[in-house]
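Given the structure is predicted, the values throughout are model-derived calculations rather than measurements.
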Amino acid sequence: MLSFDEAIALLAENVRPLGTESVPLEQSAGRFLAEDLRARSDAPRSDVSVMDGYAVRLDSLGETDSLEVVGEARPGAPFKGSVGKGEAIRIFTGAAIPSGADCVIMQEYARAEGNVVSFSQGHGPERHIRTAGSDFRAGDVILERGTHLAPPIIVPASAADQATVMVAKRPEIAIIATGDELVSPGRAFAIDSAVPDSISYAVASLCKVGGAQVISRVRSPDELAELTKHACEAVAMADCIVVTGGASVGERDFARPMFADTGMDLIFSKLAIKPGRPVWFGLAGAKPVLGLPGNPTSAMVTARLFLRPLLARLQGGPVEKELNFVPVRLASPLQSSGKRETFVRASSTAEGLVPVGNQQSGAQSPLAVADWLIRIPPGSNAYTAGAFVKALAL
């Protein structure tokens with residue numbers, strides 16, 4: 001069986017980015033940049049004040065007890081003249097520093113009466129000026145190609161002063177949930193042996209977070225003819241297909257046979273990981289097909305481990321950024337692993353990570369509190385509280 005790292009390497013090797021398109025900046029959230037984003041001008045474009053107060057010349061201080069206030073500077077409304085000795089300009093945060101001034105004294109140290117201002121001791125030595133170009137210069141690369149435009153990233157993207165950005169084409173995803181027992185949530189309670197379809201909704205949500213668009217989501221009983229029909233339709237319409245369930249070797253497990261008519265090439269199957277041994281990956285032509293386990297929790301864990309990197313790769317983003325395992329302290333002990341690499345669901349606390357109590361593949365309620373995955377190498381000894389482990393935000 002392949003290791004997790006080997007499977008991810010094969011996925012990255014076999015998936016090619018889709019095309020690109022230019023979109024308005026306000027429509028770019030959640031997308032991946034298809035080219036470097038460069039600044040159109042310096043930021044800030046001139047020296048600016050970082051405080052409300054008074055812009056002065058340092059050589060004026062100490063020569064007189066007070067300065068004459070000869071003007072005002074606001075953001076977008078700079079003072080047009082020059083500051084002479086013995087003069088001060090009322091200034092507000094973000095306003096351009098007037099010519100001649102080289103210091104801003106905070107208003108907390110100022111006493112103003114009419115057009116005269118004086119200052120108390122202790123206002124220096126900080127000058128409270130942000131110099132022109134101290135953030136970035138015109139032509140600088142603000143964001144690199146492949147950057148995911150998550151909400152915080154929209155700030156520097158907007159600061160680059162580009163009305164449109166070149167982004168990767170949004171992948172169109174088809175999801176096929178297999179299983180005779182699956183019905184829409186809200187109906188299962190009234191049907192004997194029925195189970196609410198919980199995973200296809202979660203996979204669709206993950207696709208949206210990953211910058212993709214779900215154009216088809218169907219559930220199907222384990223009937224090869226019907227599944228084959230869904231598989232052919234999905235390959236015809238979508239850029240990527242995700243299948244849940246049907247990946248074992250039972251008589252009614254058709255997740256891979258359903259793609260026989262599409263000429264799908266199987267790239268990998270049966271991985272040495274827990275949960276997620278049944279995960280498989282293939283190519284129907286150039287279109288990726290990812291098979292996830294039928295157990296909802298296993299499917300969600302493996303969707304985080306494989307689908308998120310797959311979506312990033314389709315959009316020109318680096319796979320490794322979606323698999324950023326970082327050292328995190330354990331707040332409680334963690335038992336030893338078996339022969340397979342294990343991904344343990346855990347919840348974060350102020351003291352560190354706490355593995356959730358029920359790690360069974362079919363247990364869904366622990367996902368309500370689990371927000372991290374702990375990566376445990378095969379054959380690892382038990383970990384004590386306080387030990388550091390590699391973990392990935394779920």
Side-chain angles (χ1 to χ4, degrees), residues 22-26 28-63 67 69-110 112 117 119-167 317-318 321 324 326:
S22 179
V23 300
L25 178 65
E26 61 266 25
S28 67
R31 307 293 289 273
F32 283 78
L33 282 178
E35 61 182 28
D36 292 345
L37 184 63
R38 295 181 178 273
R40 298 187 71 172
S41 57
D42 296 350
R45 297 174 70 176
S46 64
D47 293 353
V48 297
S49 176
V50 297
M51 292 290 178
D52 291 346
Y54 293 85
V56 302
R57 291 173 52 153
L58 284 172
D59 60 7
S60 293
L61 301 178
E63 293 188 356
L67 303 178
V69 180
V70 296
E72 181 179 275
R74 293 179 177 274
F79 178 71
K80 300 297 186 181
S82 180
V83 181
K85 292 188 68 173
E87 295 179 339
I89 301 296
R90 181 73 168 108
I91 197 167
F92 297 88
T93 302
I97 300 296
S99 173
D102 54 9
C103 179
V104 173
I105 299 178
M106 295 170 57
Q107 64 183 19
E108 287 84 349
Y109 294 93
V117 63
F119 306 103
S120 59
Q121 296 296 316
H123 58 74
E126 177 61 50
R127 298 190 181 191
H128 305 299
I129 294 175
R130 187 157 63 101
T131 58
S134 59
D135 195 352
F136 51 79
R137 293 289 186 181
D140 284 353
V141 174
I142 305 301
L143 298 172
E144 294 182 348
R145 176 182 179 273
T147 298
H148 183 222
L149 294 172
I153 306 298
I154 298 298
V155 173
S158 303
D161 197 23
Q162 302 287 354
T164 61
V165 291
M166 189 65 69
V167 295
K321 280 193 176 181
N324 184 28
V326 296

Report task. Sort and list the pairs that fulfil salt bridge (Lys or Arg N to Asp or Glu O under 4.0 Å) and have at least one residue in residues 35-54, not counting sequence neighbours. Result -> Asp42-Arg137

Report summary line: Nearest heavy-atom contact between Ala73 and Ile89 is N-CG2, 3.8 Å

**Report entry** Sole candidate of Ile142, Leu37, Leu33, Val167 that passes side chain to side chain contact (heavy atoms under 4.5 Å, CB included) when paired with Thr147
**Finding:** Leu33

Report task. Could you check Asp59 against Asp102 for side-chain contact (heavy atoms from CB on, under 4.5 Å), going step by step and ending with a plain yes or no? Result -> CA-CA 9 Å; Asp59 60 7; Asp102 54 9; over 6 Å; no

Report task. Give the minimum heavy-atom separation between Pro98 and Ala55, together with the two atoms involved. Result -> CD-CB, 3.8 Å

Requested in this report: Kindly say whether Ala95 contributes a backbone atom to a donor-acceptor pair with the side chain of Ser49 at under 3.5 angstrom?
Outcome: no

Report task. Please report the shortest heavy-atom distance between Pro44 and Asp135, naming the atom on each side. Result -> CD-N, 4.3 Å

Query raised in the report: Roughly how far, to the nearest 0.5 Å, is CZ of Arg130 from OG of Ser46?
Result: 9.5 Å

Requested in this report: Using a cut-off of 6.0 Å, state whether more than 12 heavy atoms not belonging to Glu126 lie near its atom CD.
Outcome: yes

**Report entry** Closest heavy-atom pair and its distance - Phe136, Ser41
**Finding:** CE1-O, 3.5 Å

**Report entry** Main-chain N/O of Arg31 paired with His148 side-chain donor or acceptor, under 3.5 Å
**Finding:** no

Query raised in the report: Atom CZ in Phe79, atom CD in Glu87: separation rounded to 0.5 Å?
Result: 7.0 Å

Report task. Identify the residue among Val56, Ile97, Ile105 that makes a side chain to side chain contact (heavy atoms under 4.5 Å, CB included) with Ile91. Result -> Ile97

Report summary line: Tightest non-hydrogen contact, residues His128 and His123, listed as NE2-O, 4.4 Å

Requested in this report: Mind checking the CZ-CZ spacing from Arg74 to Arg90? Nearest 0.5 Å is all I need.
Outcome: 8.0 Å

Requested in this report: Could you check Thr164, Ile153, Val165 and say which one makes a side chain to side chain contact (heavy atoms under 4.5 Å, CB included) with Ser28?
Outcome: Val165

Query raised in the report: About how many Å separate CD of Glu26 and CD1 of Ile154, when rounded to the nearest 0.5 Å?
Result: 10.5 Å

Report summary line: For Ser60 and Gly86, the nearest pair of non-hydrogen atoms, with its separation, is OG-N, 2.8 Å

Query raised in the report: What is the distance from atom CD of Gln107 to atom CZ of Phe92, rounded to the nearest 0.5 Å?
Result: 7.5 Å

Requested in this report: Mind checking the OG-CZ spacing from Ser82 to Arg57? Nearest 0.5 Å is all I need.
Outcome: 7.0 Å

